[in-house]
Structures are given as structure tokens and as C-alpha cells.
Amino acid sequence: MVSTFEATPNIALIKYWGKRDSKLVLPQNSSISFTLGNSVKTVTSVLFSDRLKEDVAWLNRKKTSGEELARMLLIADLVRQKASISSKVAIASENNFPTAAGIASSASGFAALACAASDAAGLGLNPTELSILARMASGSACRSVLGGFVEWKKGEEKDGGDSHAVQIAPASHWPELHDLIAVAESGRKKIGSSAGMDRTVKTSGLYAKRILDLPSRIAKMRQAIMLRDSQTVFALSMEDSMNMHATMLDTKPPILYLNERSMGIIEAIEELNASEGKLVCGYTFDAGPNAHLICEGKDVAKVKKSVAKLHGIEKFYDCIVGAGPIKLAAKESLLSEAGKPV
Ligand code: 2P0
């Protein structure tokens, strides 16, 4: 039977950038995010069937090969192992937003794939097991398996059994919070996150200080979220994003994800906050130039206006805090029962 799930990206307020174990995808530090709702999403269908002649996967209606296919099959293989099945797999996945452009398409993609594959194989995994499964393909995906406000606990165990996401608070805890994504460039990023973060861990002198500072920043962020203290959440988000991008610049050779449009957005938000006499918005950037503008619903129009006037802003996505992956009905499937794209 085909299983279809929808999952959404998440935006990290305290970032993951660096692994202590590349094979098991174990991070150097814990991270905190909220799962996005109401806008950007991935839909993924999975079928395990003895009638299929080969493993096959489509991403955005294009048949995948090489590394892209291998990464999707990594999840399928883990599921086959757990379920003790040897059937071939068909996977179809679609994003309604730019892929691999720093809007966390790998987070929503692998969260949806982990949910759909384990469901298609009848595994019935709990959220912790699903989070660990998604983590094996992409670190940030382990956070998108849960809704609301999420912490990925870095864990201590060698096998990664305690490195998974936990929910800090459900989406209903802070429904006024938005992530207004300003798309400054929708092309694929030049250097992938995995290669980029490995290079930062190896060559950035600033990185050790970041890792030292993170436990206290994480504790402060967790508390500020629980108190819905927007001033502290915005301030810490900007601080952590700038600190992560500083370690990227300090990487040899340097990694530059921000472009002149990103810089323009930073200036515009700094001016807006100064003119309001308080923080109405906190900006945060992932591995790409697109800005995530964290603000409350009442200020979205104001924030959008201050950024929309800048040259080259292609598009906005207005996201709220989302409830996490959902199983879709059979009529929403991207695959036929024969494993062909529909
Ligand atoms: C994050 N990013 O915490 C950080 C902020 C990008 C910058 O997680 O190598 O695609 O697959 O584990 O999860 C992007 O990295 O990397 C990411 P892998 P992933 O959201």
C-alpha cells in the first residue's frame, strides 16, 4: 500500500552547524527550532512492492540518480532492515518551494520520507524512533518530525540512541509567532550543508568558542520560548545566526551564504527595530541568502513593507508555527499502486 505524508521545514533559532559523527549524523551541539505551518511543505509517497523491478525515486517530478537517490534509499534501507522486508521501493516527493536553497527542503523532505516509509512498511514507530530515522539522512530533518517548538538534544551515546528531537511546546503555545521568509535567491546553494559544516569544524578558529557558548544560549532560548518573551527570542535568534555565519566566514576557504540582498535585509530590520524603540523582528539565516524574519502576526505587514522595498526580493512565504507531519488520504498520493508517478 502507498503511504503519503506531508511535512514542513523548520526554522532553527539556535542552529546546528557541525557534526561529531558524520556517519550517524550526530551534532556537536543541541539546537532549537519551530516547525513551520500554513505555507511551505513537502508531500512524499512511498510504496514497497515485490512487483517493482528496481528501487526508484522522483523528486519534483524528476527521476533521481546518484547521490540524491542514494540519500533517499538510505531511509528506505533502514526501514527495510527494521521491518525485515526485501521488496523494492518507489518514492515520489514534491516541494511547493525552492529545493536546496536554504529553506530547509532536506528537513521537510526527509521527515516526510521517514514517516511515509515507516508507515508503508507497517512499522508503527514512535516520534523518538522517527526522529532518529530522519536524522540519519539529514540532521535538521529530525526536528521536522515533531510539531511546535522543538529541541534536538545532541545526546551523549556513541550509537546516537539519545540524539533526537523533543517537543518543548506545542504549536498552540504561541500561535502569534510567524516566520516571514524573504526569498533573496531561489537557486541551489553552491556548497551543501554537510560539506560546509565539516569544513567549518576542521578549520574555523572561532568554532570552539561557539560550542563553548551554546549551552547557555540554548537554556536562555528555551526559557524565553516558554515565557513567550519575544524580545529575548528575537535577540538570541539574531545573535546565534550571526555567530554561525561568522564561523562560516572564518572557515578556510571561507563559506559565504549571505549575499548583498541578505545584508540589505539585515540593515532594514535593524533600522525598523531602532525606529520602533524595541525589537519587532529578529532575522535568522540558514545555509543560504534567504531571510527568515521572526515576528508576531500583528507586525508581519510592517516587517514585509520594510523589506519589500529592497531590490531583488523575489517572494515572501508567511509561515506560522506548524503542528508537524500529517498522513494524507489515498487520493493525495503521488504514486499509483503500481509505483508510477501520478
Ligand atoms: C539548522 N542548518 O539548524 C542549520 C542552520 C543550516 C544552517 O541544519 O548534513 O541539511 O544533512 O545533517 O540538516 C542544514 O543542514 O545537514 C541545517 P546534514 P542539514 O537548521
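Fair warning: this is a prediction, and the values are worked out from it, not measured in the lab.
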- Item | Contact list for residues 31-83, test ring pair (Phe, Tyr, Trp, His ring centres under 6.0 Å), sequence neighbours left out | Phe34-Phe149

Report all side-chain donor-acceptor pairs from residues 164-175 shorter than 3.5 Å, counting only partners two or more places apart or in another chain.
residue: Gln167; atom: NE2; partner: Gly147; partner atom: O; Å: 2.8
residue: His173; atom: NE2; partner: Ile225; partner atom: O; Å: 2.7
residue: Trp174; atom: NE1; partner: Glu296; partner atom: OE2; Å: 2.8

- Criterion side chain to side chain contact (heavy atoms under 4.5 Å, CB included) on Ser39 and Asp318, from CA distance to verdict: CA-CA 7 Å; Ser39 179; Asp318 185 8; 6.0 Å; no

- salt bridge (Lys or Arg N to Asp or Glu O under 4.0 Å) involving Arg210 - partner list, sequence neighbours excluded: Asp240

- Message: Set out, in order, the CA-CA distance, both residues' side-chain angles and the distance that settles side chain to side chain contact (heavy atoms under 4.5 Å, CB included) for Ser93 and Leu113, then state yes or no.
- Response: CA-CA 8 Å; Ser93 188; Leu113 179 56; over 6 Å; no

- How would you list all residue pairs meeting salt bridge (Lys or Arg N to Asp or Glu O under 4.0 Å) that involve residues 169-182, not counting sequence neighbours? none

- Message: What I want to check is whether the side chains of Lys15 and Thr284 have a donor and an acceptor closer together than 3.5 Å.
- Response: yes

- Are any non-hydrogen side-chain atoms of Ser108 and Val40 less than 4.5 angstrom apart? no

- Going by atom types alone, do Asn259 and Ser262 pair a side-chain donor with an acceptor below 3.5 Å? yes

- Note on the structure: Residue pairs meeting salt bridge (Lys or Arg N to Asp or Glu O under 4.0 Å), one or both in residues 160-171, sequence neighbours left out, come to none

- Query: Do Ile132 and Phe5 belong together in a cluster built from hydrophobic side chains that touch within less than 4.5 Å?
  - Reply: no

- Heavy-atom count around Lys41 NZ within 6.0 Å, excluding the residue itself: above 12? no

- Task: Decide if atom CE of Met1 counts as having more than 12 heavy atoms of other residues, nucleotides or ligands within a radius under 6.0 Å.
- Result: no

- Would you list the pairs meeting salt bridge (Lys or Arg N to Asp or Glu O under 4.0 Å) in which at least one residue belongs to residues 125-139, sequence neighbours left out? none

- Task: Could you tell me whether a side-chain N or O of Asp286 sits under 3.5 Å from a main-chain N or O of Gly288, the two making a donor and an acceptor?
- Result: no

- Message: Check whether Ser275 reaches the backbone of Leu272 with its side chain - one donor and one acceptor, N or O, closer than 3.5 Å.
- Response: yes

- Query: Is there a side-chain contact between Thr200 and Met244 (heavy atoms, below 4.5 Å)?
  - Reply: no

- Item | Selection residues 299-317 - residue pairs positive for salt bridge (Lys or Arg N to Asp or Glu O under 4.0 Å), sequence neighbours left out | Glu276-Lys302, Asp299-Lys302

- Report yes if the side chains of Ile269 and Ser306 come closer than 4.5 Å at any heavy-atom pair, otherwise no. yes

- Note on the structure: Taken in chain and number order and not counting sequence neighbours, the residues that satisfy salt bridge (Lys or Arg N to Asp or Glu O under 4.0 Å) with Asp213 are Lys209

- Task: Show your reasoning for whether side chain to side chain contact (heavy atoms under 4.5 Å, CB included) applies to Gln28 and Tyr16.
- Result: CA-CA 8 Å; Gln28 291 272 356; Tyr16 148 58; over 6 Å; no

- Could you check if a side-chain atom of Thr42 sits within less than 4.5 angstrom of a side-chain atom of Glu6, using non-hydrogen atoms only? no

- Counting only heavy atoms not in Lys19, do more than 12 fall under 6.0 Å of its NZ? yes

- Verify whether one side chain among Thr35 and Asn10 offers a donor that lies under 3.5 Å from an acceptor in the other. no

- Item | Under the salt bridge (Lys or Arg N to Asp or Glu O under 4.0 Å) test, residues paired with Glu67 that sit two or more places apart | none

- Query: Taking C-beta and beyond as the side chain, do Tyr317 and Asn96 meet within less than 4.5 Å on heavy atoms?
  - Reply: no

- Is there a donor in the side chain of Trp17 and an acceptor in the side chain of Thr247, or the other way round, less than 3.5 Å apart? no

- Task: Any side-chain hydrogen bond (donor to acceptor under 3.5 Å, both in side chains) involving residues 330-342? Give me the pairs, sequence neighbours left out, ordered by first then second residue.
- Result: none

- Query: Going through the distances and angles, do Lys298 and Val300 end up as a side chain to side chain contact (heavy atoms under 4.5 Å, CB included)?
  - Reply: CA-CA 6 Å; Lys298 61 181 167 45; Val300 166; over 6 Å; no

- Between the main-chain N or O of Ala141 and the side-chain N or O of Ser138, is there a donor-acceptor pair closer than 3.5 Å? no

- Apart from Leu249 itself, what residues make up its hydrophobic cluster when side-chain heavy atoms of I, L, V, M, F, W and Y under 4.5 Å apart count as a link, directly or indirectly? Leu256

- Task: Using the test salt bridge (Lys or Arg N to Asp or Glu O under 4.0 Å), find all partners of Lys327 that sit at least two apart in sequence or belong to another chain.
- Result: Asp119

